[in-house]
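Heads up: the structure comes next, in structure tokens.
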Amino acid sequence: MSAKKTLQSTMTWLNDMQFEGLASDHKTILDATPEHGGHNLGPTPKELLLQAMMGCTSMDVISILKKMRQPLTEFKMEARAVLTDALPVHFAEVKLIYIFRGELDPSKVIKAVTSSMSKYCGINYMISKVCPITIEIFVNNININTGLANFNIPKK
């Protein structure tokens, strides 16, 4: 498999444990918690990774639901990662919770999320190689589906 596109980013140390990331002219401040020498002025790298996981699948899901002409009125996500105790500390498991509101067809919502978490979302595909990702889907406060991300992408 050959890479056709490359992404570039820079990370500049500001002070203590605070850094400024720059990607596509967008700045992100990262910091550590006070017990790790930081001042809690930005997300930690692991928190940023959780946001990337949510952002990747959110963009897929919204795009798919728009194509399905689903009348979505509200969408948000929550993520919870259980960390290992041993070094290097990493995600042992992740739960992604999708929360929708609107006059939606539950089967189309499930299809949109499942498509993202089995075929399209590259960030979650990479993380799923390291730890299980559980998904929960709520429409109008009703849990309509719970399962695991299942990327069955053939290796080339």
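Counting non-hydrogen atoms of neighbouring residues, nucleotides and ligands closer than 6.0 angstrom, the CE atom of M59 reaches no more than 12 such neighbours.
When the options R69, Q70, K111 are evaluated for a side-chain contact (heavy atoms from CB on, under 4.5 Å) with D105, the one that passes is Q70.
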**OP:** Mind running side chain to side chain contact (heavy atoms under 4.5 Å, CB included) on I127 and I133 for me, showing each step along the way?
**Re:** CA-CA 8 Å; I127 299 301; I133 303 172; 4.1 Å; yes
**OP:** Just do the side chain to side chain contact (heavy atoms under 4.5 Å, CB included) check on C131 and V94 with the steps written out, would you?
**Re:** CA-CA 7 Å; C131 72; V94 175; 3.9 Å; yes
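Cluster annotation: F75 is connected to I142 through the hydrophobic network of ILVMFWY side chains, with a link wherever side-chain heavy atoms come within less than 4.5 Å.
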Under 3.5 Å, sequence neighbours excluded: what are the donor-acceptor pairs made by side chains of residues 35-42?
unit_1, atom_1, unit_2, atom_2, d
E35, OE2, T33, OG1, 3.3
H36, ND1, T33, OG1, 3.0
H39, NE2, D16, OD2, 2.5

Below 3.5 Å, can you tabulate the donor-acceptor pairs from side chains in residues 47-56 to any protein atom, sequence neighbours excluded?
unit_1, atom_1, unit_2, atom_2, d
E47, OE1, T44, N, 2.8
E47, OE1, T44, OG1, 3.4

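Judged by distance alone, the side chains of S63 and Y120 never bring a donor and an acceptor atom under 3.5 Å apart.
The line from CD1 of I137 to OH of Y98 is 7.5 Å long, rounded to the nearest 0.5 Å.
At least one donor-acceptor pair closer than 3.5 Å links the side chain of T84 to the backbone N or O of H90.
Counting heavy atoms from C-beta on, the side chains of F100 and I144 never come closer than 4.5 Å. The side-chain heavy atoms of L104 and P71, taken from C-beta on, include a pair separated by under 4.5 Å. Using a 4.5 Å heavy-atom threshold, the side chains of N124 and L96 count as touching.
Note on residues 88-103: pairs passing salt bridge (charged side-chain N to carboxylate O under 4.0 Å, His left out), not counting sequence neighbours, are E74-R101, K95-E136.
In the hydrophobic clustering, L22 connects to no other residue, as no ILVMFWY side-chain heavy atoms lie under 4.5 Å from its own. When hydrophobic side chains of Ile, Leu, Val, Met, Phe, Trp and Tyr are connected at separations under 4.5 Å, I99 ends up clustered with I97, F138. Here L148 sits alone; no ILVMFWY side chain lies under 4.5 Å from its own, so it joins no hydrophobic cluster.
By the 30° and 60° cut-offs, the orientation of the rings of F151 relative to Y125 is perpendicular.
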